[in-house]
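In what follows, every chain begins at residue 1, and chains take the letters A, B, ... in the order their sequences are listed.
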Protein chains: 2
Amino acid sequence: MDKKEIQEQRMRGYFIEAAKEIIRGEGFKAISVRNIAERAGYSYTTLYNYFKDIKDLIFVCVKDFQDECAQFIADQVKKDLTGMAAIKSKTIAFSNYFIQYPGIFELFYVEKISDLNSQQSTTKLIYSFLDRICEEDWNDCIEKKLVTKEEAEDYGAQLQFFITGLLLFYLNRRQPSDYKEFTTLRDKQIGNILKLRS
Amino acid sequence: MDKKEIQEQRMRGYFIEAAKEIIRGEGFKAISVRNIAERAGYSYTTLYNYFKDIKDLIFVCVKDFQDECAQFIADQVKKDLTGMAAIKSKTIAFSNYFIQYPGIFELFYVEKISDLNSQQSTTKLIYSFLDRICEEDWNDCIEKKLVTKEEAEDYGAQLQFFITGLLLFYLNRRQPSDYKEFTTLRDKQIGNILKLRS
DNA sequence: TATTTATATTAACATTGTTCACTACATTTG
DNA sequence: CAAATGTAGTGAACAATGTTAATATAAATA
């Protein structure tokens with residue numbers, strides 16, 4: 001019974017890894033049951049022995065990518081930053097992750113996975129993701145009386161909707177039309193939202 | 001030769017109308033060649049005599065819906081409003097349109113039509129849409145020295161990315177999870193961006 | 001009227017997700 | 001050890017998608 005469990009988890013892992021590779025490399029549009037299974041080295045029907053359906057599999061990828069993204073941000077942000085500077089840097093790193101893996105942005109924010117996600121737990125995780133990443137820094141700002149609790153919430157929400165909206169345009173519609181313009185706009189507006197003077 | 005033109009345009013119109021009805025009613029996910037053709041009263045392959053492919057048809061819908069949306073906003077916003085108040089009201093009306101027709105939001109901002117849209121002309125139209133709607137009001141604000149030209153651009157961009165991001169979460173992920181919460185957050189944050197005191 | 005042109009449709013193909021029935025193998029049981 | 005049971009992996013098949021080629025029918029022209 002324990003062996004079964006291990007083997008089953010291993011098999012699931014093969015499919016999950018394959019799916020993640022495809023999303024990272026070829027993007028979300030390239031995902032298909034047959035595609036995943038081929039890369040995993042199994043027939044496409046075998047996948048259904050380990051996942052209810054393809055959404056079930058994708059669902060797991062979302063969770064994995066969230067951890068990966070958090071790690072990516074931690075690696076990219078200078079450790080000694082605190083407060084607003086840390087929040088800005090983390091938001092930039094957050095966007096960089098999706099610039100590097102546009103397929104994961106699609107998966108997180110664009111793709112209609114509402115059907116699969118009946119309990120909405122993952123949706124909430126994504127919704128609060130940037131806030132969780134920046135939570136301690138906001139608390140730091142509040143303690144130092146740089147902002148009130150309410151302001152912190154407002155700024156946080158604004159930051160999230162702004163960066164998501166901007167990424168949506170840039171990744172999905174190529175507007176702004178080049179990368180430099182994108183970063184300039186991004187950095188400037190993050191500064192505006194956080195009321196930072198550069 | 002002229003008759004041909006009229007007839008051809010009429011035929012195109014049948015398919016376009018059918019497609020728009022489906023998008024408005026059942027949402028973008030319900031769109032399919034067979035679905036459109038059935039509603040138009042023709043066989044599905046007939047569609048290909050009038051449109052290069054389904055993207056070509058959808059493309060026309062985008063343009064139509066843009067006009068419709070502009071009209072919707074004009075109808076909903078009080079005529080006597082000017083400046084910041086007009087901008088806020090128009091942005092709210094803008095979001096209301098997509099709340100009413102979520103399928104059109106998908107079409108405008110979510111769906112990957114980048115392939116079809118080789119010249120990117122439509123993309124740019126969408127990108128600058130809210131700005132065009134509010135253009136005169138911004139100019140009004142600048143003339144009255146309420147904001148500088150640069151501030152107007154910043155606020156405008158922020159407004160657009162914010163409202164798009166918020167709609168993306170609300171329509172695509174049901175976050176915030178109820179409508180009242182959505183409007184409260186929306187109205188408050190629009191005020192913040194425009195630095196209005198309520 | 002007969003021929004040509006245009007147009008609507010039927011048939012077909014490729015690609016998607018998913019289900020079903022079968023085979024081969026492993027595990028348990030007598 | 002042999003027989004029964006169960007399980008894991010697979011190919012065939014189905015329905016729905018977009019798209020194309022060939023065909024039949026309607027319209028226009030000679």
Side-chain angles (χ1 to χ4, degrees), chain A residues 1-19 22-23 26-62 103 106-107 110-118, chain B residues 1-19 22-23 26-62 103 106-107 110-118:
Chain A
M1 358 266 145
D2 205 33
K3 277 186 249 173
K4 292 280 144 206
E5 192 68 23
I6 291 172
Q7 290 173 8
E8 190 171 323
Q9 278 311 112
R10 191 140 43 204
M11 284 295 288
R12 284 173 64 94
Y14 298 150
F15 288 107
I16 292 165
E17 237 2 270
I22 293 170
I23 292 171
E26 298 152 60
F28 191 82
K29 68 199 99 246
I31 279 285
S32 83
V33 176
R34 287 164 173 81
N35 213 337
I36 296 167
E38 187 185 20
R39 191 179 282 250
Y42 289 92
S43 167
Y44 49 89
T45 49
T46 305
L47 190 147
Y48 288 91
N49 293 332
Y50 298 95
F51 299 91
K52 183 177 145 288
D53 52 30
I54 198 174
K55 290 172 186 171
D56 186 19
L57 167 54
I58 299 300
F59 183 80
V60 179
C61 295
V62 173
E106 290 174 49
L107 184 54
V110 177
E111 208 57 31
K112 264 158 272 325
I113 38 176
S114 18
D115 322 306
L116 105 98
N117 190 10
S118 40
Chain B
M1 355 268 143
D2 204 32
K3 278 185 248 173
K4 293 278 140 194
E5 192 68 22
I6 291 171
Q7 290 173 9
E8 190 171 324
Q9 279 310 113
R10 191 140 43 204
M11 285 293 288
R12 284 173 63 94
Y14 298 151
F15 287 109
I16 293 165
E17 238 0 271
I22 293 170
I23 293 171
E26 299 152 58
F28 191 82
K29 67 198 99 251
I31 279 285
S32 83
V33 177
R34 286 163 173 82
N35 213 337
I36 296 167
E38 187 186 22
R39 192 178 283 248
Y42 289 92
S43 168
Y44 48 91
T45 49
T46 304
L47 190 148
Y48 288 92
N49 294 331
Y50 298 94
F51 299 91
K52 183 177 144 289
D53 53 29
I54 197 173
K55 290 171 186 171
D56 186 19
L57 167 53
I58 298 300
F59 183 81
V60 180
C61 294
V62 173
E106 289 174 51
L107 183 54
V110 177
E111 208 58 29
K112 265 158 271 326
I113 37 175
S114 17
D115 322 306
L116 104 98
N117 189 11
S118 40

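If you measure from atom NZ of A:Lys52 to atom C1' of C:dG17, you get 12 Å, rounded to the nearest angstrom. For B:Gln7 and C:dA8, the CD to P distance is 9 Å, given to the nearest whole Å. Protein atom CZ of A:Phe51 is 15 Å distant from nucleotide atom P of C:dT19, rounded to whole Å. Atom CD in A:Glu8 sits roughly 12 Å away from atom P in D:dT7 (whole-Å rounding). Atoms CE (B:Met11) and P (D:dA26) sit 15 Å apart, rounded to a whole Å. Spacing between atom CG of B:Asn49 and atom P of C:dA6 amounts to 12 Å, rounded to whole angstrom units. Protein atom CG of A:Leu47 is 14 Å distant from nucleotide atom C1' of C:dT16, rounded to whole Å. Computed from coordinates, the A:Ile58 CD1 to C:dG17 C1' distance equals 12 Å when rounded to whole Å.
Counting only heavy atoms from C-beta on, A:Tyr48 has its side chain closest to C:dT19 among C:dA8, C:dT19, D:dG9. Of the listed nucleotides (C:dT7, D:dT20, D:dT19), D:dT20 has the atom at the smallest distance from the side chain of B:Thr45. The nucleotide whose nearest atom lies closest to any side-chain atom of B:Val33 is, among D:dT19, C:dT18, C:dA8, D:dT19. For B:Asp53, the side-chain atoms get nearest to D:dT19 when compared with the rest of D:dT19, D:dA8, D:dA12.
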If you apply the rule side-chain contact (heavy atoms from CB on, under 4.5 Å), what do you find for A:Ile58 with A:Phe28, and how did you get there? CA-CA 10 Å; A:Ile58 299 300; A:Phe28 191 82; 4.1 Å; yes

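Remark: B:Phe51 engages no residue in a ring pair (Phe, Tyr, Trp, His ring centres under 6.0 Å) (not counting sequence neighbours). Residues meeting the side chain to side chain contact (heavy atoms under 4.5 Å, CB included) test with A:Tyr44, sequence neighbours left out: A:Val33, A:Arg34, A:Ala37. When the side chain to side chain contact (heavy atoms under 4.5 Å, CB included) test is applied to A:Arg39, the partners found at least two apart in sequence or on another chain are A:Ala18, A:Glu21, A:Ile22, A:Glu26. Residues passing the side chain to side chain contact (heavy atoms under 4.5 Å, CB included) test with B:Thr45, sequence neighbours excluded: B:Ser43. Considering only residues two or more places apart in sequence or on other chains, A:Tyr14 meets the ring pair (Phe, Tyr, Trp, His ring centres under 6.0 Å) condition with none of them.
Taking a 6.0 Å sphere around CD of A:Glu38, one finds it holds 12 or fewer heavy atoms contributed by other residues, nucleotides or ligands.
Rounded to 10 degrees, the angle separating the terminal axes of the helix from C:dT1-D:dA30 to C:dG30-D:dC1 is 30°, with each axis obtained from five end pairs.
Residue A:Ile31 is classed as a sugar-phosphate contact, given heavy-atom separations below 4.0 Å to backbone atoms only. Within the 4.0 angstrom heavy-atom criterion, only backbone atoms of the sugar-phosphate kind lie near A:Ser32; the bases stay farther away. When heavy atoms are screened at a 4.0 angstrom cut-off, B:Tyr50 is found touching the sugar-phosphate backbone but no base atom.
Listed here is the closest heavy atom pair of A:Leu107 and A:Cys61: CD2-CB, 4.4 Å. For A:Arg12 against A:Tyr50, the heavy-atom pair with the smallest separation is NH1-O, 2.7 Å.
A 4.5 Å side-chain heavy-atom check between B:Ile23 and B:Glu106 finds every atom pair outside the cut-off.
A heavy-atom distance below 4.0 Å to DNA chain D is reached by these residues of residues 34-44 of chain B, ordered by number: B:Arg34, B:Tyr44.
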